[in-house]
Novice: 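Supplied in structure tokens, the structure appears directly below.
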Amino acid sequence: METFIKMWINQVFTALHFFSVVEKMILIFWYNKTMRIKIISVGKLKEKYLKAGIAEYVKRLSRFGQVEIVELADEKTPDKASEKENAQILSKEGDRILAKLTDRDFVFSMAIEGKLISSEELSTSLEQAMQQASTLVFIIGGSLGLDPRVKKRANALISFGRITLPHQLMRLVLTEQIYRAFMIREGSPYHK
Ligand SMILES: C[S@@+](CC[C@H](N)C(=O)[O-])C[C@H]1O[C@@H](n2cnc3c(N)ncnc32)[C@H](O)[C@@H]1O
């Protein structure tokens, strides 16, 4: 009798494990079909070594959804531009960014002065964002940063520290951090 109960419990646990694996597979499949990760970046990506790194993380990320990088033209910034000129440049770049957004997007704007977050907190933010929207948009500004309207539109204004990263390098850091956030969510040993 005892052996029978043990076998029965064993079978129940095996079935539960099987269903949780199937559930995970269905969820991953569903996210793949529906989730969109869009990175909007102002300025051209020129460096070969950065292109290779970004391509690698975009490839890895494609398991979690459709990844799209939208590269927008930046404005020429004269060395001794006045505040007014800088504001005009930011506004033109801001128009281009805002034209790429829809009301349904969940927008993360990247800004040095934004909220400082850890990789774990980014993972939690992504999780919450995915419950609200099927398109997550991350925005990286140009050499002058982001237009105030783009910061205002953001659902989250995020900082990776008070250091200034060049926009090209920021693209690589961001793609890695998004990938890491998904790995944290999966409980993967990638994140230690
Ligand atoms: C060269 S930085 C712009 C610097 C500009 N003076 C400013 O204060 O925003 C280009 C873009 O990279 C992103 N970025 C750079 N460093 C960052 C950081 N530490 N945290 C978050 N975003 C950052 C921002 O989107 C920024 O607009």
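Every number for a ligand or one of its atoms is a count from 1 in the order of the listing.
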Novice: Nearest 0.5 Å, please: how far is CD1 in I112 from CD1 in I158?
Specialist: 14.5 Å
Novice: Starting from atom 12 (O) of ligand 1, locate the nearest protein heavy atom and write down its residue, its atom name and how far away it is, to 0.1 Å.
Specialist: I140 CG2, 3.6 Å
Novice: In the protein, what heavy atom is nearest to atom 10 (C) of ligand 1, and what distance, to one decimal place, separates them?
Specialist: G142 O, 3.2 Å
Novice: Does the side chain of S159 pick up a donor-acceptor pair with the side chain of E113 at under 3.5 Å?
Specialist: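 On atom types as modelled, these side chains do not qualify, holding no pair under 3.5 Å.
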Novice: Count the heavy atoms of every other residue, nucleotide or ligand shown that sit under 6.0 Å from CD of Q132, and state whether that count exceeds 12.
Specialist: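 Check passes, neighbour count above 12.
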Novice: Less than 3.5 Å between some nitrogen or oxygen of I163 and one of ligand 1, yes or no?
Specialist: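 By distance alone, the answer is yes.
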Novice: Using a strict cut-off of 4.0 Å, indicate which atoms of ligand 1 neighbour a heavy atom of I158.
Specialist: 21 (C)
Novice: Are the side chains of L98 and L101 in touch, meaning some heavy atoms are under 4.5 Å apart?
Specialist: yes
Novice: Could you tell me if any non-hydrogen atom of V42 lies under 4.0 Å from any atom of ligand 1?
Specialist: no
Novice: Quick check: do M130 and R185 have side-chain heavy atoms less than 4.5 Å from each other?
Specialist: yes
Novice: How long is the span from the CG atom in L172 to the NZ atom in K51, to the nearest 0.5 Å?
Specialist: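 Interatomic distance, L172 CG to K51 NZ, rounded to 0.5 Å: 13.5 Å.
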Novice: In the protein, what heavy atom is nearest to atom 16 (N) of ligand 1, and what distance, to one decimal place, separates them?
Specialist: L165 N, 3.0 Å
Novice: Can you tell me the protein heavy atom closest to atom 23 (C) of ligand 1 and the distance?
Specialist: M170 SD, 3.7 Å
Novice: Does CZ belonging to R104 count more than 12 external heavy atoms closer than 6.0 Å?
Specialist: no
Novice: Just going by heavy-atom distances, which of G145, A111, S41 is nearest to atom 7 (C) of ligand 1?
Specialist: G145
Novice: With atoms numbered from 1 as shown, which atoms in ligand 1 lie under 4.0 angstrom from a non-hydrogen atom of L144?
Specialist: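 Matching atoms, with element in brackets: 5 (C).
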Novice: Side chain, backbone, both or neither: which applies to S109 and ligand 1 if a contact is any heavy-atom pair less than 4.0 Å apart?
Specialist: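 Within the 4.0 Å criterion, S109 makes no contact with ligand 1.
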Novice: Which atoms of ligand 1 are found less than 4.0 Å from any heavy atom of S159?
Specialist: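 Those qualifying, in numeric order: 20 (N), 21 (C).
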Novice: Would you call the rings of Y179 and Y57 parallel, tilted or perpendicular, taking 30° and 60° as the class edges?
Specialist: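 Tilted: the ring planes of Y179 and Y57 meet at 30° to 60°.
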Novice: Run the salt-bridge test on R180 and E176 with the 4.0 Å N-O cut-off and return the result as yes or no.
Specialist: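 Salt bridge between R180 and E176, a charged N being under 4.0 Å from a carboxylate O: yes.
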Novice: Can you pull out the closest protein heavy atom to atom 8 (O) of ligand 1? Residue, atom name and distance to 0.1 Å, please.
Specialist: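 Scanning the protein heavy atoms, the shortest distance from atom 8 (O) of ligand 1 goes to I112 CD1, 3.8 Å.
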Novice: So, regarding G161 and ligand 1 (criterion: nitrogen or oxygen to nitrogen or oxygen, under 3.5 Å), is there a contact or not?
Specialist: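 Among all N and O atoms of G161, at least one is under 3.5 Å from an N or O of ligand 1.
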Novice: Quick one: look up the protein heavy atom nearest atom 4 (C) of ligand 1 and list residue, atom name and how far away it is.
Specialist: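 Sorting protein heavy atoms by distance from atom 4 (C) of ligand 1 puts S143 O, 3.7 Å first.
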Novice: Any idea which protein heavy atom is nearest atom 24 (C) of ligand 1, and the distance to it?
Specialist: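 For atom 24 (C) of ligand 1, the nearest protein heavy atom comes out as M110 O, 3.2 Å.
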Novice: With a 4.5 Å heavy-atom cut-off, do T124 and Q128 have their side chains touching?
Specialist: yes
Novice: Report yes if G141 has an N/O atom closer than 3.5 Å to an N/O atom of ligand 1; otherwise report no.
Specialist: yes
Novice: Who's the nearest protein heavy-atom neighbour of atom 20 (N) of ligand 1, and how far?
Specialist: F160 N, 2.9 Å
Novice: Going by an N to O cut-off under 4.0 Å, is there a salt bridge joining D105 and R36?
Specialist: no
